[in-house]
Amino acid sequence: MSESKLAERNIPGMNKAARFAEAEHAENVGGTLKRIAVYFGHEKILVIGMLGVVILGTLCGVYAPSLQSRAIDMIAGTTDGKLAGTLLLMLAVYLIYSGSQLVQGLFSAHLSQRIVRRMREELFGKMVDLPVKYLDTHSHGDVMSRMTNDIENISTTVSQSLPSLFSGVMTVIGTVAVMFWYCRELALLSCVTVILTVIATKILSREVRKFSRRRQELLGTLNGTVEEMISGYRTVVAYNHQNSTIENFCVISDSLTKAGIRTDIFSGIMGPIMNCIGNIGFVIIAAFGGYFAIHGLISVGVISAFIVYAKQFSRPINEIAQVYGQLQTAIAGAERVFAVIDEENEEKAGEEVAEDTSATVTFRNVKFSYEPGYPVIHDFTLTVPSGKKVALVGATGSGKTTVINLLMRFYDLDSGDIYIDRQNIKDISRDSLRKNAAIVLQDTVLFSDTIRNNLKYGNENASEEQLETAAEMSRCQDMIRMLPQGYDTVLTGSGSNISQGQRQLLAIARAFVADPKILILDEATSNVDTRTEKAIQDAMQLVMENRTSIIIAHRLSTIRDADIIVVMDQGQIVESGSHNDLLAQKGKYYELYMTQYAGFAT
């Protein structure tokens, strides 16, 4: 956003830190998990397949220790049977178990990528339908962080953590069932450790959840800072603000580091604590198992099986505890993603713009404020006759660009009406409105694509002749011919391989190709030299014929021939008329003109 636009929206007491502080909001873990489950519902075959493999692996994992118990009892002579056959069966069960782990990994990899692809596409689809206001009031780096970091965390969790969670739950259920079948008393004693596990998990998870969310928010803030520095790097270097930029980055980075350390500490100590609790379980089994064996309640093989089962019982709990931090990070990331998806789309319903060629634009008692209590436009009333050229002039922050934002329905009015002929723009669909209007902004935006596709951005059906005519009229035909592939030259880095002035010429040509009823030029020639500007002005006289044109200009020499010049100040019209009439009045316009004529900046 240009400095002039930022000046129009200068709201007292609002700064970047305050906006990021407002990002804090309560978690809704249950609701987020339900929404994530919907994505799993679209991949039922993979989910069922993975669950089937998990169940098979769990059964093998639970059955193998019982075979080990039988083999030990055969060696001890307390049980009859064929030892070799039992050992071979135990080997086969362990091989099947290992194979199931491999297949489980393949299923989870496919599942995670499909779920994340669907989520990423939904998020990007939402982003292109968001109102302009949303992207104007949110850090671009934070929005991109949701598309990249948060989505990647979800992908990692689905591919790594969820399989551990599924298999862990199944293993715990199967293991506990078999332990109770072998010896109910010893199983109950072993389950004492579950109480300790639940208590430890509840305490630690609360801290993990809190710092996990904080870490994700700070990561978005950090990305926003980096994105802002890169996009404004020339300004940072030109004003020698490298040190202050580094200091600002380090403050945010330090906060992120602290939040990350605390998250990792609380999630990391879960594993050791769970291992300690598991070792307590081994002591209980060894002590009471030996006692029961001496009294003939269980065999030595059962004690051996219980030790393996206790390990199997504690291992998935430990794994769940260790990945809990990752799960919380993914849930926090998913919540941030859903927060964008839940934003209201830009309303596009409405009627079409009338097919007649006239396009009289009327502003009637328009009032608007970006933030309640800080009005930017006050009782703005203006008629732009069809086919005429109207220029908006005034000091920076007077509301000129805001008037264009309201006409294009980038923002909705607080009160008042805007008409195109007799149609209120509130009743016109945004698509139809913008199809009939072309805008050339002060901040040139081109895409990393061919020059041809950039020119056809507003009119995909434009012919080659229309492209050449537009290029000729905007005085960029010679420049295009000098490029290696002409119209097929790919603009890299959004046009970084051509000059700023050349980018401006292409943006003007793109507006010409769109062939609109309403043409809006917001400082459209600000980045071209005086000679080229004069040539463009001459060409634009032809392009503007039979088109309603609204021009925003600071250089008053460029709008002398405008049919109506409107002087704005503090969101209001203070003067209007032709160039000569306004000079004769010796009012605000006269002051602006004479200041420029004298060579001072406005």
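The analysis underlying the following values was restricted to heavy atoms, covering all of them including side chains, and did not include hydrogens, waters or symmetry mates.
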Walk me through it: do H579 and L583 pass the test side-chain contact (heavy atoms from CB on, under 4.5 Å)? CA-CA 6 Å; H579 172 75; L583 285 180; 3.3 Å; yes
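- Ring pair H138/Y134 is parallel by interplanar angle, where below 30° counts as parallel and above 60° as perpendicular.
- To the nearest 0.5 angstrom, I418 atom CD1 is 4.5 Å from F363 atom CZ.
- Taken to the nearest 0.5 Å, the OG atom of S429 stands 10.0 Å off from the CD atom of E347.
- For the atom pair CD1 of I559 and CD1 of I552, the computed distance is 12.0 Å after rounding to the nearest 0.5 Å.
- Under the 4.0 Å criterion applied to side-chain N and carboxylate O atoms, E575 and K588 are not assigned as salt-bridge partners.
- For the pair E122/F338, no side-chain contact is recorded, criterion being any heavy-atom separation below 4.5 Å from C-beta on.
- The side-chain heavy atoms of L130 and V143, taken from C-beta on, include no pair separated by under 4.5 Å.
- At least one side-chain heavy atom of I520 sits under 4.5 Å from a side-chain heavy atom of L407.
- Counting heavy-atom neighbours within 6.0 Å of E344 CD, excluding the residue itself, gives a total of 12 or less.
- A salt bridge does not link R336 to E217: none of the charged side-chain nitrogens sits closer than 4.0 Å to a carboxylate oxygen.
- Shown here is Y419, whose OH atom has more than 12 heavy atoms of other residues, nucleotides or ligands within 6.0 Å.
- Here the closest non-hydrogen pair linking A507 and V440 is O-CG2, 3.7 Å.
- Counting heavy atoms of neighbouring residues, nucleotides and ligands inside a 6.0 Å radius, atom CD of Q570 does not exceed 12 of them.
- Of the residues K426, R430, K367, the one that meets the salt bridge (Lys or Arg N to Asp or Glu O under 4.0 Å) test with D412 is R430.
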### Task
Using the side-chain contact (heavy atoms from CB on, under 4.5 Å) rule, take V513 and L467 through it: C-alpha gap first, then chi angles, then the decisive distance, then the call.
CA-CA 6 Å; V513 172; L467 296 182; 3.8 Å; yes
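- Ring planes of H42 and Y39: perpendicular class, angle over 60° (limits at 30 and 60°).
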query: Checking side-chain contact (heavy atoms from CB on, under 4.5 Å) for the pair K389/D563: CA distance, chi angles, key distance, verdict?
result: CA-CA 5 Å; K389 181 168 64 174; D563 297 299; 3.8 Å; yes
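- A distance of 10.5 Å separates OG1 of T548 from CG of N436, quoted to the nearest 0.5 Å.
- No donor-acceptor pair closer than 3.5 Å links the side chain of Q423 to the backbone N or O of I428.
- No donor-acceptor distance shorter than 3.5 angstrom exists from the side chain of N223 to the backbone of D142, with no hydrogens or angles considered.
- A donor-acceptor pair under 3.5 Å is absent between the side-chain atoms of S155 and the main chain of I151, judged by distance alone.
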F380 and I573: side-chain contact (heavy atoms from CB on, under 4.5 Å), yes or no, with the steps? CA-CA 7 Å; F380 185 87; I573 297 176; 3.4 Å; yes
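- No side-chain donor-acceptor contact under 3.5 Å links E121 to the backbone of R118.
- Looking at every heavy atom in both residues, A395 comes nearest to S398 through O-OG, 2.8 Å.
- Within the 3.5 Å criterion, the main-chain N or O of E43 finds no donor-acceptor partner in the side chain of R114.
- In this structure, CG in L219 is found 8.0 Å from CG in N153, a value given to the nearest 0.5 Å.
- The heavy-atom pair separating A509 from A470 by the smallest distance is O-CB, 3.6 Å.
- Between I341 and L123, some side-chain heavy-atom pair lies under the 4.5 Å cut-off.
- Y370 and T402 are linked by a side-chain donor-acceptor pair at a separation below 3.5 angstrom, with hydrogens and angles left out of the test.
- Of the possible polar contacts, one joining the K400 side chain to the G394 backbone as a donor-acceptor pair under 3.5 Å is found.
- Between D431 and R434 no salt bridge is recorded (no basic side-chain N to carboxylate O distance below 4.0 Å).
- Residues S578 and I565 share a closest heavy-atom pair of C-CD1, 4.3 Å.
- Annotation for T489 and G486: closest pair OG1-O, 2.9 Å, computed over non-hydrogen atoms.
- Residues L433 and I420 have side chains in contact (heavy-atom distance under 4.5 Å, counting atoms from C-beta outward).
- By the 4.5 Å heavy-atom criterion applied to side chains, I564 and V384 are not counted as neighbours.
- Listed for the K517 side chain is no donor-acceptor partner under 3.5 Å among the backbone atoms of T360.
- Here the closest non-hydrogen pair linking T450 and Y487 is CB-O, 3.8 Å.
- Side chains of F368 and V403 form no contact here, defined as non-hydrogen atoms less than 4.5 Å apart.
- Rounded to the nearest 0.5 Å, atoms CG (L506) and CG (L446) are 6.0 Å apart.
- Using a 4.5 Å heavy-atom threshold, the side chains of R120 and I154 count as separate.
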